[in-house]
There are 2 protein chains.
Amino acid sequence: MALDDRKKQVLQAIVDDYVTTYEPVGSKALIERHDFTVSSATLRNEMAELERMGYIEKPHTSAGRIPSDKGYREYVNSLLKVDTLTEEEREEITDRVTDSVNEVTDLLRNATNALSEKTGYISLAMTPRFKDSYLSQLKILMIEPGKALVVVVLSAGVVKDRLVRIPNFITDAQMFDISTAVEHALSGMPLDEITLVTVASSLKGSKIPESLLNQVIFEAYTAIKQAERLDMYLEGEHRMLSLPDFHELSRARDLLGTLSKDGLVAGYVNEMESSKAQSGSKDTYMVRIGQEIALEGLSDCSFVTTTYNVGDTLSGNIGVIGPKRMEYSKVISQINFVRKVVNDEIRKLTE
Amino acid sequence: MALDDRKKQVLQAIVDDYVTTYEPVGSKALIERHDFTVSSATLRNEMAELERMGYIEKPHTSAGRIPSDKGYREYVNSLLKVDTLTEEEREEITDRVTDSVNEVTDLLRNATNALSEKTGYISLAMTPRFKDSYLSQLKILMIEPGKALVVVVLSAGVVKDRLVRIPNFITDAQMFDISTAVEHALSGMPLDEITLVTVASSLKGSKIPESLLNQVIFEAYTAIKQAERLDMYLEGEHRMLSLPDFHELSRARDLLGTLSKDGLVAGYVNEMESSKAQSGSKDTYMVRIGQEIALEGLSDCSFVTTTYNVGDTLSGNIGVIGPKRMEYSKVISQINFVRKVVNDEIRKLTE
DNA sequence: ATTAGCACTCAACACTTTCGAGTGCCAAAT
DNA sequence: ATTTGGCACTCGAAAGTGTTGAGTGCTAAT
């Protein structure tokens with residue numbers, strides 16, 4: 001059932017040609033562009049065989065072949081040689097990604113920008129999954145009567161905050177008490193163990209009448225939960241319109257429509273990640289091809305993802321979405337390098 | 001030079017028909033769909049006249065007429081009757097815009113979402129212009145050695161913050177001194193009078209060696225300037241792909257390409273706004289049509305904007321971008337209502 | 001001023017033809 | 001047992017050809 005050497009060669013040639021031309025490739029074209037030692041007739045036989053095995057398919061009877069999902073999969077798994085970037089490319093990426101970075105979010109935004117422009121496809125990055133994180137500090141800062149800023153510092157030094165409205169009559173001093181009480185009770189606690197009840201019970205001994213606290217408690221809780229939320233940066237949707245793959249408007253519409261649905265892609269990536277963790281996969285990158293992507297509207301696309309780390313426990317994803325016919329070797333080398341730069345930079349930020 | 005009544009009627013009918021059908025409208029079709037008391041031949045004469053005057057044009061010799069930019073302009077200026085929203089629509093918009101709002105930014109995000117979905121076009125909202133704002137409070141909160149959060153509170157109660165890196169050896173107490181010194185010196189100062197020099201001089205009398213302060217000064221300054229930055233929320237790009245107007249892929253590409261250029265549209269809206277302020281225009285909304293929009297890639301579009309207010313001095317914009325052939329009356333009524341809801345809600349937030 | 005009528009225009013559509021790159025298969029060659 | 005040249009066949013894409021119909025402008029009659 002495994003492919004012999006020549007079949008591999010043929011498949012590789014077909015994918016390579018199809019990626020560059022977006023035209024079904026026939027036996028004759030194949031001979032012309034590559035130096036096979038056999039004739040076109042032999043290739044025809046090989047191609048017929050490959051088709052029977054499901055690696056390639058014909059758009060219609062009298063056309064050349066295009067790779068099937070399975071064909072791309074084989075290509076990515078065993079035929080692909082990953083590009084090496086030139087020194088200039090490395091430098092440019094490094095410069096762009098590390099440009100005026102103060103927080104992880106800056107970094108992610110830069111990374112998506114650079115990746116999208118360099119690849120010519122869509123790029124995305126997700127904020128770290130904070131589920132495995134714990135609360136390091138919590139400060140409530142009075143801004144003016146009735147308004148306060150809840151600052152949540154998570155392990156790994158990530159800071160999130162949220163402006164909240166509180167009862168007007170709570171004073172600076174009272175708020176300070178509340179703040180220290182909550183922080184004392186919750187700091188060090190894993191984020192997913194924090195519930196409305198934990199927050200409330202942290203204020204049991206407080207001198208302030210419980211009835212006044214409800215809103216504060218709720219807002220503090222919401223702020224913590226909001227810090228947990230996955231945000232996603234997305235860049236370069238418009239680039240897809242330049243690709244012939246999306247000349248058929250309905251495809252572009254489906255793709256962009258799906259991408260615009262808030263949280264849908266983020267949720268999917270997150271799921272993907274946890275299933276990967278289960279299966280114990282060790283690769284630095286991951287490729288999903290066509291139908292393998294369980295998202296309506298992305299079945300004509302491929303999705304390359306990689307994982308960056310924040311500290312020892314936290315991680316997030318960076319990805320590229322392009323046509324199935326994407327330049328895998330370039331994309332993979334670029335995303336891998338971006339991942340490295342991001343990891344290095346995060347280390348600097350959180351050292 | 002002004003249009004007589006019948007010409008106005010004809011122009012209005014042409015725009016109305018073209019907006020709904022996206023097909024050049026001819027004399028016969030006009031008669032069929034509207035009850036004119038004259039024959040098609042008369043309309044032909046009127047249409048020839050309207051064409052000579054520049055209000056309508058022919059895509060080709062034997063086709064019907066479509067409105068020119070000038071025609072749309074006339075339509076918007078004097079022919080348009082603005083829709084009134086149904087009670088359900090009002091309710092839906094109010095609900096969506098005011099859903100879980102803590103800050104102005106939440107509100108703007110909600111507003112763009114609602115507007116884009118309700119109109120079916122692209123919607124955008126810009127954070128308020130803070131140039132006329134002044135600094136109300138500035139707090140620097142130590143997070144851990146080497147890391148601090150600069151919290152900037154502007155007039156009108158808008159809060160922005162930024163995580164910064166500072167020299168490791170600055171202590172909590174020192175930072176507190178710095179923070180109060182800077183706040184004392186700068187609070188009440190108009191944002192655009194704050195420069196690196198003003199910030200630096202606020203720390204003249206401080207006990208901390210000047211050499212250590214440079215980074216803190218710079219970061220605080222950057223944080224303030226960042227608070228001034230105009231952010232823009234954009235929603236619904238993908239909806240344009242469903243409109244026949246953008247079936248020609250190159251148009252969609254141009255449009256989305258321009259919109260994706262960071263700051264370009266925001267800068268333009270800002271400019272527009274200040275020129276409007278100069279000319280003393282009092283309308284609650286403003287319409288830019290086709291070539292009137294000085295942005296490459298938007299010349300097939302129209303741009304409806306309105307202004308919301310934060311407190312007495314601050315303002316920002318909300319807008320809708322659609323095809324020239326947009327349903328002006330609906331869009332205008334919707335954007336006007338959104339403006340009202342946003343204004344009311346901001347008043348509640350900042351009261 | 002309005003209108004009926006007519007000759008004219010031209011995009012859109014349907015239909016045909018041609019072309020060529022592609023295929024599968026078979027019989028001969030290695 | 002492969003490989004290969006050859007050949008008949010397929011079928012989409014491109015180019016050419018009518019036909020149709022909604023549109024126009026113009027003129028002469030109302």
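Naming convention: chains lettered A, B, ... in sequence-line order (proteins, then strands); numbering from 1 in each chain.
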Among C/dT3, C/dG22, D/dG23, find the nucleotide with the atom closest to the side chain of B/Val38.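 Nearest nucleotide to the side chain: C/dT3.
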To the side chain of A/Arg44, which of C/dA4, C/dC10, C/dG24 is closest?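 Among C/dA4, C/dC10, C/dG24, the one nearest the side chain of A/Arg44 is C/dG24.
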Residue whose nearest DNA chain C nucleotide is more 5′ - B/His60 or A/Met47: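 The residue whose closest nucleotide sits nearer the 5' end is B/His60.
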Of A/Pro24 and A/Asn45, whose closest DNA chain C nucleotide lies nearer the 5' terminus?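 Closer to the 5' end of DNA chain C: A/Pro24.
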Would you state whether a donor and an acceptor, one from the side chain of [X] and one from the base of [N], lie under 3.5 Å apart?
{"X": "A/Arg65", "N": "C/dG24", "result": "no"}
{"X": "B/Arg52", "N": "D/dG25", "result": "no"}
{"X": "B/Ser62", "N": "C/dT9", "result": "yes"}

Can you measure [X] atom [atom1] to [N] atom [atom2] for me and round it to whole angstrom units?
{"X": "A/Ile66", "N": "D/dG12", "atom1": "CD1", "atom2": "C1'", "result": "15 Å"}
{"X": "A/Glu57", "N": "C/dT23", "atom1": "CD", "atom2": "P", "result": "14 Å"}
{"X": "A/Glu23", "N": "D/dA13", "atom1": "CD", "atom2": "C1'", "result": "11 Å"}
{"X": "A/Leu50", "N": "C/dG24", "atom1": "CG", "atom2": "C1'", "result": "16 Å"}
{"X": "B/Glu49", "N": "D/dG25", "atom1": "CD", "atom2": "P", "result": "12 Å"}
{"X": "A/Phe36", "N": "D/dT4", "atom1": "CZ", "atom2": "P", "result": "12 Å"}
{"X": "A/Glu46", "N": "C/dG24", "atom1": "CD", "atom2": "P", "result": "13 Å"}
{"X": "A/Asp17", "N": "C/dG22", "atom1": "CG", "atom2": "P", "result": "11 Å"}

According to a strict under-4.0 Å criterion, is [X] in side-chain N/O contact with OP1 or OP2 of [N]?
{"X": "A/Lys58", "N": "C/dG24", "answer": "yes"}
{"X": "B/Thr61", "N": "C/dC10", "answer": "yes"}
{"X": "A/Ser40", "N": "D/dT4", "answer": "no"}

Regarding B/Arg239 and B/Ser116, is there a side-chain donor-to-acceptor distance under 3.5 Å anywhere?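 Result is yes, a qualifying pair exists.
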Supply the atom-to-atom distance B/Phe337 CZ to B/Leu85 CG, rounded to the nearest 0.5 angstrom.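 Rounded to the nearest 0.5 Å, the CZ-CG separation comes out at 6.5 Å.
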Base, sugar-phosphate or nothing for B/Ala41? Non-hydrogen atoms, less than 4.0 Å.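 B/Ala41: base contact, heavy atoms under 4.0 Å.
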Does this structure show an ion pair linking A/Lys7 with A/Asp4, if we count only N-O contacts that are shorter than 4.0 Å?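 A/Asp4 and A/Lys7: salt-bridged.
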Pair B/Asp245 + B/Arg251, salt bridge at N-O below 4.0 Å: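 Salt bridge flag = no for B/Arg251 with B/Asp245.
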What's the shortest heavy-atom distance between A/Val82 and A/Ser333, and which atoms?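 So the minimum-distance heavy-atom pair works out to CG1-CB, 3.8 Å.
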